[in-house]
Amino acid sequence: MAKFATVQDYLASLPESQREIAGELLPLIEAALPGAGAVWQGHPVWSLGPAPGRSPVCYVKAYSTYVTFGFWRGQEIADPSGRLEPGARQMAGVKLRTPADIDAEAFSTWLHAARDLEGRTGD
């Protein structure tokens, strides 16, 4: 697996179709979690809190035919659309095959909910 120093390095390594998807996602993520992105475990992750002990909120991970946009506590996020697919532990995410798969309003709502969940950790 290639190692990337920054989120931008990771995104630049993607095929054009996946870069387009990431290009649509990034402004939504940065609006909710400005400056919180870093490469962790080989792909971009946005977290809250100081290192060490940061609380991961969401991630973007490219696979051969899609890009996953996921949340560490995604199963706790209200999702009337039913698009968030449950994953391991409390995680959930959505598979994106084209930029048209991105619903900016729903994704922004999910991002704010995920950020708020992590912001309450330890309260």
Side-chain angles (χ1 to χ4, degrees):
M1 177 190 315
K3 292 187 179 189
F4 304 98
T6 67
V7 170
Q8 292 303 327
D9 291 341
Y10 179 89
L11 300 179
S13 76
L14 299 176
E16 178 64 27
S17 61
Q18 292 181 331
R19 273 197 313 274
E20 288 177 23
I21 293 168
E24 295 286 326
L25 282 175
L26 216 50
L28 300 173
I29 297 169
E30 284 296 322
L33 300 160
V39 175
W40 185 44
Q41 297 183 351
H43 57 86
V45 174
W46 287 261
S47 304
L48 294 178
R54 295 177 61 113
S55 297
V57 176
C58 69
Y59 65 93
V60 172
K61 187 171 183 180
Y63 293 90
S64 60
T65 61
Y66 60 89
V67 173
T68 294
F69 175 45
F71 301 93
W72 258 257
R73 294 175 65 184
Q75 292 181 35
E76 297 177 54
I77 297 172
D79 176 28
S81 71
R83 289 189 62 196
L84 285 174
E85 299 175 16
R89 297 175 294 278
Q90 297 175 335
M91 298 176 92
V94 61
K95 294 176 182 173
L96 307 169
R97 289 177 173 79
T98 71
D101 292 336
I102 297 170
D103 178 334
E105 185 176 334
F107 287 25
S108 291
T109 299
W110 295 343
L111 279 159
H112 287 93
R115 181 193 64 202
D116 292 348
L117 281 168
E118 290 304 333
R120 286 197 302 262
T121 299
D123 290 352

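All residue numbers in this chain count up from 1 along the given sequence. These figures come from a predicted structure and were not determined experimentally.
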If you round to the nearest 0.5 Å, how far is [atom2] of [Y] from [atom1] of [X]?
X: W40; Y: R54; atom1: CH2; atom2: CZ; result: 10.5 Å
X: L96; Y: L25; atom1: CG; atom2: CG; result: 5.5 Å
X: Q18; Y: L11; atom1: CD; atom2: CG; result: 10.5 Å
X: I29; Y: L26; atom1: CD1; atom2: CG; result: 6.0 Å

Quick check: do [X] and [Y] have side-chain heavy atoms less than 4.5 Å from each other?
X: F69; Y: L111; value: yes
X: E20; Y: E16; value: yes
X: P56; Y: W46; value: no
X: L117; Y: Q90; value: no
X: L33; Y: C58; value: yes
X: D101; Y: V94; value: no
X: L48; Y: R115; value: yes

I need the minimum non-hydrogen distance between [X] and [Y], along with the two atoms involved.
X: A92; Y: G74; answer: CB-C, 3.5 Å
X: E24; Y: P27; answer: O-CD, 3.5 Å
X: L14; Y: A22; answer: CD1-CB, 4.4 Å
X: R19; Y: A12; answer: NH1-O, 3.7 Å
X: Q75; Y: A88; answer: NE2-O, 4.4 Å
X: F4; Y: G42; answer: CD1-O, 4.1 Å

Does the gap between the ring centers of Y59 and H43 come in under 6.0 Å? yes
Could you go through the side-chain contact (heavy atoms from CB on, under 4.5 Å) check for I21 and I102 one step at a time? CA-CA 8 Å; I21 293 168; I102 297 170; 4.2 Å; yes
Are M91 and V60 connected into the same hydrophobic cluster when the rule is that any two of I, L, V, M, F, W, Y join if their side-chain heavy atoms are below 4.5 Å apart? no
Is there a side-chain contact (heavy atoms from CB on, under 4.5 Å) between V45 and V7? Walk through the geometry before answering. CA-CA 8 Å; V45 174; V7 170; over 6 Å; no
Verify side-chain contact (heavy atoms from CB on, under 4.5 Å) between W110 and R83, making sure each step is shown before the conclusion. CA-CA 11 Å; W110 295 343; R83 289 189 62 196; 4.0 Å; yes
Set out, in order, the CA-CA distance, both residues' side-chain angles and the distance that settles side-chain contact (heavy atoms from CB on, under 4.5 Å) for V57 and S47, then state yes or no. CA-CA 5 Å; V57 176; S47 304; 5.6 Å; no
Look only at the side chain of Y10 and the backbone of A62, and say whether a donor-acceptor pair between them is shorter than 3.5 Å. yes
